[in-house]
Amino acid sequence: ILAMPLYGQDIKVLYDEAELPQFTLPDPLIAKDGTKITTAEAWEKVRRPELLELFETEVYGKAPAPLPISSRLLEEREVFGGKGTLRRVQLFLTGKEDGPQAELLLYLPKSDKPVPVVAALNFKGNHTLSDDPAIPLANAWVRNNAEDGVKNHKASEESRGAAKSRWPIERILDRGYGLATVYYGDIDPDFDDDFQNGIHGAFQKEGEAKPAADEWGSIAGWAFGLSRIADFLQQQDAIDHDRLIVMGHSRLGKTSLWAGATDPRFALVISNNSGCGGAALSRRRFGESVRRINTSFPHWFCDNFLKYNDNEDACPVDQHELIALIAPRPVLICSAEDDRWADPHGEFLSGLYADPVYRLLGTDGLAVDEMPPLDKLIDSRIGYRIRPGKHDVTPSDWEAYLDFADKQLGGK
Ligand code: GCU
C-alpha cells in the first residue's frame with residue numbers, strides 16, 4: 001500500500017503560463033438547460049442544487065445520509081495558565097460506541113459569551129499539536145515519517161509536538177476564538193484500501209465491495225467528518241453556533257472547501273494551499289493536474305473523476321464553481337508564493353470567477369481583479385491572500401484567518 005506514491009512522475013508538469021492550454025470555463029450562472037440565472041432565487045432553487053449534484057457525482061462523490069452522533073467527555077481542564085479550557089471528547093461518528101470514532105480536542109478561551117470556533121482536521125495526530133504530555137498518541141494509522149520517528153504507521157512519543165508551528169493555539173484563544181480539531185486518520189486513514197476501513201467501511205452497503213463511481217472518496221469522507229464535528233459543536237452552549245469556521249491545509253484545504261460547500265452551518269470557510277481539486281482551476285493544468293492527482297491519490301475523489309484525466313474540459317464543473325457553492329458566506333483562499341504545485345494564480349482565479357455569484361447574492365464578491373502583492377489580505381466576502389514561502393501553515397497565516405473572521409463575522 002502506497003501512502004505517498006512515487007508513480008505518476010512521468011506526467012509532464014506545466015509551470016509556465018505560456019504553456020497552459022486554452023480553455024473556456026463553465027459559467028456558474030448558466031443552468032444546464034441554457035437558462036441564464038439572474039436572481040438569487042433562481043441561484044438557490046435551480047443552479048446551486050445542479051452544481052452541488054455535479055460536484056457530488058463527478059468530483060468528490062456522494063456521502064451517505066448521516067446518523068445522529070453521540071459523544072463522551074474524556075477530560076476537561078484549564079490550559080495556558082487559565083486563559084482557556086481544553087475538553088477532550090470521544091466522538092462516535094455514527095452514534096455507536098463500537099462504530100467509527102474520533103478524539104476531538106476542543107480548546108475554548110475563557111469567555112462569558114459563546115465564542116466563535118475554528119474546526120480543522122489535523123494531519124499527524126492530536127498529540128502533534130502541542131507538547132502537552134496528557135494528550136494520547138493517535139491510535140489510527142499515521143503516515144510513516146522518519147523525522148517524527150513514525151514507523152509501521154504507529155504514532156510514537158517522538159512525534160509529540162511535531163506540528164506545533166502550524167497550531168498557535170494560545171494565540172487563537174487570545175484572539176477570542178476556539179479551536180476544534182480531530183486527526184483526519186481517525187475519520188478515514190489516508191491510503192488506498194478500497195475503503196474498507198474508516199468512515200466508509202461503516203457505511204458500506206450490503207453486497208457492495210466498494211463505493212460506486214459516484215460515491216464518496218476520502219475527501220468527501222473527511223468532509224463528512226467535519227460535518228459531524230459541526231453536529232457536536234452545535235450542541236455546545238459555550239460556542240456561538242452562527243460563527244463556526246472551517247479551515248484546512250492542502251488536501252485538508254480541498255476538504256474544508258467541500259465541507260463548506262455541502263454544509264451551510266460553516267459560516268466561514270478557509271482553504272490554505274489547497275491546489276488541485278481545491279481552489280485551483282483544473283482546466284489550467286498548472287502544477288498538479290487532474291491526471292497526476294488521480295494517479296498519486298486514487299482514493300481522494302470519486303471514480304467518475306478519473307474520466308477527466310487529461311480531459312479537464314469535459315468536466316461539467318471547474319473549481320470556481322466550488323467557491324460559488326459557498327456563496328454568500330465568506331470564503332478565504334490562501335496561497336503561498338513557492339507552492340507552485342498548488343497553482344497560486346489558479347487559486348486566485350477561482351475566487352475571481354466565483355465573484356459574479358457572490359455579487360448576484362448581494363455581497364461585495366472579490367474586491368480585486370488582479371493578484372494582490374505578497375502578504376496583503378484582501379478581506380472582501382471572497383478573501384484572498386498570498387504570502388512568501390512554501391507549502392505550509394504559519395503563524396502569520398493564522399493572523400490573516402482571524403483578521404478575516406473578525407471582519408466578516410465580527411459583531412454578529
Ligand atoms: C500532495 C498532493 C497535493 C496535496 C498535498 C498535501 O502534494 O499532490 O494535492 O494538497 O500533497 O495534502 O499535502
Side-chain angles (χ1 to χ4, degrees), residues 1-15 59-60 120-125 128 141-145 147-148 150 162-163 165-167 181-185 187-192 217-223 225-226 246-260 269-302 305-306 308-310 312 318-319 322 333-348 350 386 389-394 397:
I1 294 160
L2 290 173
M4 266 304 210
L6 297 173
Y7 49 86
Q9 291 194 342
D10 51 325
I11 299 167
K12 181 167 161 51
V13 181
L14 305 179
Y15 277 131
V59 183
Y60 303 103
L121 301 178
N122 67 72
F123 268 96
K124 294 183 172 181
T128 66
W141 178 97
V142 286
R143 170 160 298 102
N144 285 344
N145 180 335
E147 216 176 292
D148 302 342
V150 179
S165 68
R166 289 187 173 180
W167 300 94
T181 186
V182 157
Y183 170 50
Y184 83 136
I187 295 164
D188 185 35
D190 190 1
F191 61 89
D192 184 17
S218 289
I219 291 174
W222 298 320
L226 281 164
V246 62
M247 178 271 163
H249 167 63
S250 208
R251 71 199 66 183
L252 298 177
K254 310 178 206 298
T255 303
S256 66
L257 291 172
W258 184 233
V269 180
I270 302 168
S271 73
N272 194 71
N273 307 174
S274 61
C276 181
L281 292 174
S282 298
R283 278 166 174 73
R284 280 168 54 81
R285 303 192 198 175
F286 186 103
E288 187 170 32
S289 63
V290 171
R291 173 180 288 285
R292 183 65 192 261
I293 203 166
N294 279 332
T295 305
S296 309
F297 306 100
H299 56 297
W300 283 2
F301 299 88
C302 69
F305 196 51
L306 298 171
Y308 308 114
N309 286 349
D310 298 327
E312 290 84 348
D318 209 321
Q319 299 304 106
L322 176 64
I333 301 169
C334 294
S335 307
E337 187 184 20
D338 301 341
D339 185 21
R340 297 169 73 227
W341 184 238
D343 186 13
H345 191 203
E347 294 178 319
F348 172 80
S350 273
I386 179 166
K390 64 180 173 73
H391 187 76
D392 199 2
V393 188
T394 68
D397 291 334

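All ligand and atom numbering here is 1-based and tracks the order in the structure. Along the sequence shown, residues are numbered consecutively beginning with 1.
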Q) Under 3.5 Å, is there a donor-acceptor pair linking the side chains of W341 and N273? A) no

Q. With sequence neighbours excluded, what pairs up with Y183 under the ring-ring contact (aromatic ring centres under 6.0 Å, His included) test?
A. none

Q | ligand 1 atoms in contact with F297 (distance to a heavy atom under 4.0 Å) | A | 1 (C), 2 (C), 8 (O)

Q) For ligand 1, which atoms have a heavy atom of K254 less than 4.0 angstrom away? A) 3 (C), 4 (C), 9 (O), 10 (O)

Q: State the atoms of ligand 1, each with its element, that fall below the 4.0 Å cut-off from a heavy-atom position in S250.
A: 4 (C), 5 (C), 6 (C), 10 (O), 12 (O), 13 (O)

(Q) Out of all atoms in ligand 1, which are within 4.0 Å of some heavy atom of I293? Include the element for each. (A) 9 (O)

Q: May I ask you to decide if the ring planes of W141 and F191 are parallel, tilted or perpendicular, using 30° and 60° as cut-offs?
A: tilted

Q) Are the side chains of S218 and W222 in touch, meaning some heavy atoms are under 4.5 Å apart? A) yes

**Q.** R251, E288, H249, H391: member with heavy atom nearest to atom 3 (C) of ligand 1
**A.** E288

(Q) Keeping S350 on the side-chain end and A279 on the backbone end, is there a donor-acceptor pair under 3.5 Å? (A) yes

Q) Just distances here: any N/O of W300 and N/O of ligand 1 closer than 3.5 Å? A) no

Q. Backbone, side chain, both or neither: what part of L252 comes under 4.0 angstrom of ligand 1, heavy atoms only?
A. neither

Q.
Has N272 got a side-chain atom pairing as donor or acceptor with G248's backbone, closer than 3.5 angstrom?
A. no

